[in-house]
Every structure is written in C-alpha cells, then in structure tokens.
Amino acid sequence: AQSVTQPDIHITVSEGASLELRCNYSYGATPYLFWYVQSPGQGLQLLLKYFSGDTLVQGIKGFEAEFKRSQSSFNLRKPSVHWSDAAEYFCAVGPKGGYQKVTFGTGTKLQVIP
Amino acid sequence: NAGVTQTPKFRILKIGQSMTLQCAQDMNHNYMYWYRQDPGMGLKLIYYSVGAGITDKGEVPNGYNVSRSTTEDFPLRLELAAPSQTSVYFCASSDRTGKGEYTGELFFGEGSRLTVL
C-alpha cells in the first residue's frame, strides 16, 4: 500500500531564510507526487506536481521540489521565505494509471517569524 | 469559474441528527471525492466517485453515505451524527488529462466545518 511520511509536524523559519520540507513516500513504482498548501480556513491548493521527466519541478509562489527515486523523497524547497508562506503543507502520492485514491501525508505546519 | 463549491461552511449538529453536505463542481470532472481532515491526521478519504451513478468507499466510510446522480453534484450524508464526526470536510474533484491519463491532481473546495455536540 502506498504511504506518505512528513517527519516534521511543525517548522519555524525566519522571513528571508531558506526552507526545506521533507516528504518520503512508499510505493511500488514511481508514483505521481504532489505538494499542496493550505492557508488557515481554506481548502488545499496545488503548489506543484511531478509526473515524469525532469526531477526538479517548479511550482507556484517560488516553490520547487526535487524527486529522488533512490531516497523515495520529494522534498519541497524555497530559497527565501515570505511571511505569507505561513501555512500547512501536505505532500501527496497518487498511483500511475487508473483512478485509485491519492494518499496524503499528515502535513507540516510552517511558521514564519520576522 | 467557481471550481468546487461546498455548503454549508459551518454547521453544528446534535448527536443523532442527520444532515447533508453539498458539493458541486463546474469543471465537468468525472472524479469526485470526500475527505475529512482532523488535526495532525492529514486527509482521510471517505468516499469517492468515478462518474455519475458510481461510488465507492474510501478509508473511513462508516457513518456516511454518498450519491452521484449527476456529474456536477456529490453530496455527503451523515445519518446519525456522532461526536467522532466532528471534523472539517473537503470535497475535491479531478479528471483525466487531454491525453486520457489520470493524474490524481485534485481541486478542492473551501471545506465544511462540522461540530457534533
């Protein structure tokens, strides 16, 4: 069965500092991978996705993520965090082919301090 | 485009009451989903549908029912509300790409916060 692990429940960074949020997945083959962001009181918005090809993918709001097959990881990065990036971030994995369910990680809550 | 619309946004129920959470999408997506979100637990799939007239259980279906009579609408019914159903509920939709490939990319509504007392 597929699974997603986000080992960091809560992360605090200073505004302007770099950010890396960790995500590890378990799946029998190369899955589709996603990062979603949820601002307080809002639904989830897609930040970026990896389907195939270049393992470094660019998303919205200056975020990027790198797929590393050997480490079963899909970490999210941003070079310089803005106060508006404070939110909860979810990594998700979806199987290739068919319409099986997408599995979400438990989320990482990002706090940005001045 | 409105995308995925959920109503109501907030609701308080008494134990044993019933209610329906409404979800509508205007993107003509075939696939629709109901998730619940509890603190520290991520999102858990309750039910999903791959098209009108077709529904199936997700990870946590007990206490819920769904129907899909049209492509646009996917209501979630709680028959006998229990405190364990206090949660934030999200409806989502997705579809195949132009090449016919299912990707699992989800489009979410803004959520419905339900409290059962």
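Just so it is clear, the structure is predicted and the values come from calculations on it, not from any experiment.
In terms of hydrophobic clustering, with Ile, Leu, Val, Met, Phe, Trp and Tyr side chains grouped at heavy-atom distances under 4.5 Å, B:Y47 and B:I54 are assigned to different clusters. Side-chain heavy atoms closer than 4.5 Å link hydrophobic residues (I, L, V, M, F, W, Y) into clusters, and following such links, possibly through other members, connects B:V66 to B:L13. Linking Ile, Leu, Val, Met, Phe, Trp and Tyr whenever their side-chain heavy atoms come within less than 4.5 Å leaves B:V60 and B:Y33 in two separate clusters. B:L76 is not connected to B:F90 by any chain of hydrophobic side-chain contacts under 4.5 Å among Ile, Leu, Val, Met, Phe, Trp and Tyr, and they are in different clusters. Grouping the Ile, Leu, Val, Met, Phe, Trp and Tyr side chains by contacts below 4.5 angstrom, directly or via other members, places B:Y89 apart from B:L117.
Distance check: A:T106 OG1 to B:L43 CG gives 11.0 Å after rounding to the nearest 0.5 Å. Distance check: B:Q37 CD to A:F104 CZ gives 9.5 Å after rounding to the nearest 0.5 Å. Atoms CD and CZ, on A:Q42 and B:F108 in that order, are 13.5 Å from each other to the nearest 0.5 Å. Separation of atoms CG (A:L44) and CD (B:E110) is listed at 11.5 Å; rounding is to 0.5 Å.
Remark: A:L56 CG is packed, more than 12 non-hydrogen atoms of other residues, nucleotides or ligands lying under 6.0 Å away.
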**Request:** Take A:V102 and B:Y35 through the side chain to side chain contact (heavy atoms under 4.5 Å, CB included) test and state the conclusion after the steps.
**Result:** CA-CA 11 Å; A:V102 171; B:Y35 288 90; 4.0 Å; yes

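Looking at A:Q38, only its side chain comes within 4.5 Å of chain B, counting heavy atoms on both sides. Neither the backbone nor the side chain of B:F107 has a heavy atom closer than 4.5 Å to any heavy atom of chain A.
Under a 3.5 Å cut-off, the side chain of A:Y36 and the backbone N or O of B:L106 do form a donor-acceptor pair.
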